[in-house]
Structure formats: structure tokens, C-alpha cells
Amino acid sequence: MRLSTYFLPVMRDTPKEAEIVSHQLMLRAGMIRQSSAGIYSWLPLGLRVLKKIEQIVREEQNRAGAHEVLMPTIQSADLWRESGRYDDYGAEMLRITDRHDRDMLYGPTNEEQITQIFRDGVKSYKELPRNLYHIQWKFRDEVRPRFGVMRGREFLMKDAYSFDISAEAGTVSYNKMFVAYLRTFKRMGLTAIPMIAETGPIGGNLSHEFLVLAKTGESQVYCHADLLAEALPDEGDLTDSELQGVVDRWTERYAATEDKYDQAEFEAAVPEDKRVSARGIEVGHIFFFGTKYSEPLGCKVQGPNGEMITIQSGSYGVGVSRLAGGIIEAFHDDDGIIWPASVAPFHVGLINLKAGDADCDAACEMLDRELAAAGIDVLYDDRDERAGAKFSTMDLIGLPWQVIVGPKGLKSGEFEVKNRATGERLSLSPQATAAHLKSALADVL
RNA sequence: CGGAGCGUGGCGCAGCCCGGUUAGCGCACCGGUCUGGGGGACCGGGGGUCGGAGGUUCAAAUCCUCUCGCUCCGACCA
């Protein structure tokens, strides 16, 4: 992508409404623009990141055996009256009336909707277990939206729903999602710690929140230091008992958010030098709630003896748009964002220091083509700008690798390759540059 | 929902208290010259319903009333 033709409105000054660093950087880097309180437009650069995050979530859901669907944003109030939540949900639910004066709502979540779909489509225990998910915009009319996309009113969420014949089977489904979440966040470079959580208005009694530790997190959290270094299970299918083993390993050590925190308990469970007290950003939340929705909505299947069995369910959310902000909170410096390669909007920023110079142009274009052929996304700064402006822009938007091509280096046949995260610079021949990047990015291609 | 604050060109701000030329500054933007490896210099430009409505006045960005929007602090949430 040529920067000279791209839409990347970067800002030098920080808009005053942005308080936390991720919000400031998303605005400055031209990723988002605010539409109204807690509602944002995603510009090209931001959208690329959102799509990358979404795709990682999707791949891990699919790997865990969930099937993707897409439910509407607008739902009928009748469905919510059936579950009894229409009145319970409160002012946070945006209620709308259509032209026929029918009560509608902009979905804050989809338990009712998916349960209805599933109930009408499945009749036998032989068709269980199943897990369906979608990645769709939600609206929750928060009293006080803030922190940019981290706490918007409109936000993109992955929500999955499991359907099982028994509570035991439901636990297996829960564990699958638990492990899928560990993998999902890891792929984004994040260490997300599962913590015992309140179940809130979703209901149920088994629930974990996944929190990324960051100074600007909204929740105070307490956990055992070893959790930060806990290894992930190998890829590949796990048996039910292996799954349980992984979940046990992650949940046997103390980890709690403020709500569930108990000082005496914490100090008894964790030796002093292992006590971590930090701020966390909630990026995922999983629940097992049994028959809370299947019962009122009549979601049943026929069992092996012909009896009707009410389905056991859970729901599993990932804040996709929130993650874009959360990742920046975790990875930035004074100069700007530092994207993990897996979610970076482009892998490489190619800086032509003398656009218009025949040699520089040719060298850049050749590298651009070669990297593109290898599946590497390149943002090519071919603008006629000062070197300093180009460096600053590239650091701000945080692409993991920069290749700097100028007349000086070209004289000795070399490009400069800069690692955004470490600041390390290498002088390499064009061939070595391409080889170096291909190898460095092999994991995410 | 309680408390506080802010709305002036794309961004950051000054002007307002104490009404009075053509509403100003920095950045960004356009043209030009010189430059050219960390947001360069100079010259010349363009862009503003001063959030909105009403009122006071000879005269309103400035005073008054109402209203809308946004932000921050607290109680709640992917």
C-alpha cells in the first residue's frame, strides 16, 4: 500500500478528550474517529487491526469446534419478554420502536436469539454438543462511556454459546472455550489471566474473566506471579481430561478481581514474594449458566429414552474492539504504538527517504513487490516528505518492522532494517533484507 | 445517576471577567524558493454559522436565559 494514496490522517497533537494512552494513540495514528459518546468510526488503519484481531478470534473458535453464524443487531422485544430479561436488563438496553409501533431493541447480547435458533433447529441428543458463535456489533447504553474503544457503547464482540445434554458435558464445553481463550490472547502477544468472576446479569455460577495486566486497566486484580509465566498447552486436540488438567493448572493458583478479592485469603494462598497486585483490562468473560435461558425458552431435545431434556448452556465473550485498545495499552512507548506482528495493520513500513529519486524509487518498488509476493503487508511511504516526518509517522503507527531506503545506504547497496519494538537497526543488502523479514514474520504469515 | 469542567478553522489553544476595527496564535493544509537521514527555513496563501436558539444593547465570541453536545471524578459493565 502506497502511503501517498492511503487515508491516514495522523495528528501531531493529542485531542484533549483522550485521556488514556490507547485512545490518544488511536486518534493520533488515524485509526478511529469519534462519532458520539462511546461510538466510533474505524478508519482504514484501525479497521485492519480490528480485522486481524477478529480473524485470530475466529480461527481459535473454529479450532475449538465452534461454528460461526451471524445474528442481527436488531432484535424483537418479544424474545426478551420470553426469557424475562426485557424488564430486567434496564436502561443499558437501547430500546427502539419500528413504524408499526413494535418494540425492538439493539442487542446488548444474544442468548435469547441463539437459544431460539437452536431450539427450532435441534431435536435430538444425538446432535449435541454444539457451540455457535458470531462476531457482531453490540450496543450497551453505558451510563458513562470512556477510554475510547475500551469502553464504548457500541462495540464489536465475539459471543459463543454452548449447548449440552448435561452439566458434565457442559463443563467440557466450558473448558474448551477456556483453553481457546488462552490461545487466542497469547496469539495477540497478550498474557491474559483467567480469574474467578461475578456472573452479573448473564446469570449462572461458573464464570471466569480474562484480564490483561496493564497500568491503565479498569479493574484492580490480585494473583499468583507464576500465572504470568504459565505455559500454554500444545496445539492439537486435547482429551476431556487433558482439558480439565489445563483448566485446573490455571485455576488452582489464586487470581481474583476486586469483586471477589479477599485479603486474608490472598495472603494465605500466595507467598509474599509471589503476590501480584495490579490493574487489569477485561478482554474476555466466560459463563456456564445451565438452564437459565433454555428453561424459559423451552429449548429441549429428546434423550435416548424418549424423554425431553432441557439443554445446558454457557456463553463466552471476547471484546474484539476493546482488544484493539487493550493491545496498545500493553504495547507502546513515547513515540507511539508497538504492534505485535500478529495484529499489526501492516507488517512492514517501507520508508523511501528520497521519493522521486530514480534509484531510491526502483529499490523500494522492487522490495515492495518481493515482500508482497511473500504475503507480507507493506505500507510504503512514497510521499515527498522530510525524513523526520516519515520516521515519526512510522513510529507512531507502530508497524513492527521498518525498512529505510535512502541515497546514503544505497551507495553501498544497503537498506536499513529497524525493529520498532527493540529499536535495533541492521544494515542489509536488499536480498538479505527480504530474507530477514520473511524469516522474522514467518509465524504470522 | 450524583459532582466538576469544557465547546472559537482538521488538532492544540488565546481572546470572554471589563461588549466596540477585518476574531488571533502554533501545528497541519495549498503555491513558491532554498533544503533534504528524526516533525527544517523563508515568502505568499486558503479555510471560522465563535455548539445551537432566544434575549439585552447603537453594537455580542464576550452579558442574560434556555438548550444541545463532549470530557473528567465517583457508583455499574465485553
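All chains are named by letter (A, B, ...) in the order of the sequence lines, taking the proteins before the strands, and each is independently numbered beginning at 1.
- Taking A:Glu60 as the reference, A:Arg63, A:Arg183, A:Thr184, A:Arg187 meet the side chain to side chain contact (heavy atoms under 4.5 Å, CB included) condition, with sequence neighbours excluded.
- Checking B:rC1, B:rA78, B:rG39 against every side-chain atom of A:Arg28, the shortest atom distance belongs to B:rG39.
- When Watson-Crick and G-U wobble pairs are counted only if both distances are under 3.5 Å, B:rA60 pairs with no nucleotide at all.
- Using N1 to N3 plus N6-O4 or O6-N4 for Watson-Crick, or N1-O2 and O6-N3 for G-U wobble, each under 3.5 Å, B:rA28 pairs with nothing.
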Anything under 3.5 Å between a protein N or O and an N or O of nucleotides 31-37 of chain B, put it in a table, one pair a line.
| residue | atom | partner | partner atom | Å |
| --- | --- | --- | --- | --- |
| B:rU35 | O2 | A:Arg386 | NH1 | 2.4 |
| B:rG36 | N2 | A:Asp384 | OD1 | 3.2 |
| B:rG37 | O6 | A:Gly409 | N | 3.2 |
| B:rG37 | N2 | A:Glu416 | OE1 | 2.4 |

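- Under the 4.0 Å criterion applied to side-chain N and carboxylate O atoms, A:Arg151 and A:Glu218 are assigned as salt-bridge partners.
- The separation of B:rU8 from B:rC43, taken at their C1' atoms, amounts to 28 Å, rounded to a whole angstrom.
- Map A:Glu19 and A:Val143 each onto its nearest nucleotide of RNA chain B; the residue landing nearer the 5' end is A:Val143.
- Smallest separation of non-hydrogen atoms from A:Leu45 and A:Gly30: CB-O, 4.2 Å.
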When every nucleotide of nucleotides 9-15 of chain B is labelled 5' to 3' by its protein contacts under 4.0 Å (heavy atoms), B for base, S for sugar-phosphate only, - for none, what sequence of letters results?
-> --BSS--

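- Checked for salt-bridge contact, A:Asp335 and A:Arg420 miss the test: no charged N lies under 4.0 Å from a carboxylate O.
- Using a 4.5 Å heavy-atom cutoff, the side chains of A:Tyr261 and A:Phe266 are in contact.
- If you measure from atom CZ of A:Phe147 to atom P of B:rU71, you get 12 Å, rounded to the nearest angstrom.
- With P as the reference atom, B:rU62 and B:rG55 are 14 Å apart, rounded to whole Å.
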Step-by-step salt bridge (Lys or Arg N to Asp or Glu O under 4.0 Å) determination, A:Glu112 to A:Arg119 | CA-CA 10 Å; A:Glu112 284 79 0; A:Arg119 141 189 106 184; over 6 Å; no

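- Pair assignment for B:rC6: B:rG69, on the basis of Watson-Crick or G-U wobble contacts that are both within less than 3.5 Å.
- Rounded to a whole angstrom, the distance from the C1' atom of B:rA61 to that of B:rC16 is 7 Å.
- Salt bridge A:Arg146/A:Glu17: absent, no basic N to carboxylate O contact under 4.0 Å.
- Across B:rG69 and B:rG31, the matching C1' atoms stand 38 Å from one another, rounded to whole Å.
- Remark: the separation of the C1' atoms in B:rG32 and B:rG46 is 15 Å, to the nearest Å.
- Nearest-nucleotide mapping onto RNA chain B: of A:Phe210 and A:Ala18, the residue sitting toward the 5' end is A:Ala18.
- The listed nucleotides are B:rC72, B:rC70, B:rG39; the one nearest the side chain of A:Arg146 is B:rC72.
- Separating the C1' atom of B:rA59 from that of B:rU35 is a span of 50 Å, rounded to the nearest Å.
- By the 6.0 Å and 45° rule, A:Arg48 stacks over the aromatic ring of A:Phe346.
- For the pair A:Arg153 and A:Tyr106, the cation-pi criterion (under 6.0 Å, within 45° of the ring axis) is not fulfilled.
- Taking atom P in both B:rC64 and B:rC77, one finds a spacing of 41 Å when rounded to whole Å.
- The nucleotide whose nearest atom lies closest to any side-chain atom of A:Arg144 is, among B:rG38, B:rC76, B:rA75, B:rA75.
- Searching all strands for a Watson-Crick or G-U wobble partner of B:rC17 with both distances below 3.5 Å returns nothing.
- Between A:Gln34 and B:rG69 there is no side-chain N or O to OP1 or OP2 distance below 4.0 Å.
- Taking atom P in both B:rA53 and B:rC34, the straight-line distance is 49 Å, to the nearest Å.
- The pair A:Lys138-A:Glu154 fails the salt-bridge criterion, with no side-chain N (NZ, NE, NH1 or NH2) lying under 4.0 Å from an Asp/Glu carboxylate O.
- Put simply, CG on A:Asp259 is 10 Å from P on B:rA78, counting in whole angstrom units.
- Taking atom CD of A:Glu282 as the reference point, atom P of B:rC76 lies 14 Å away to the nearest angstrom.
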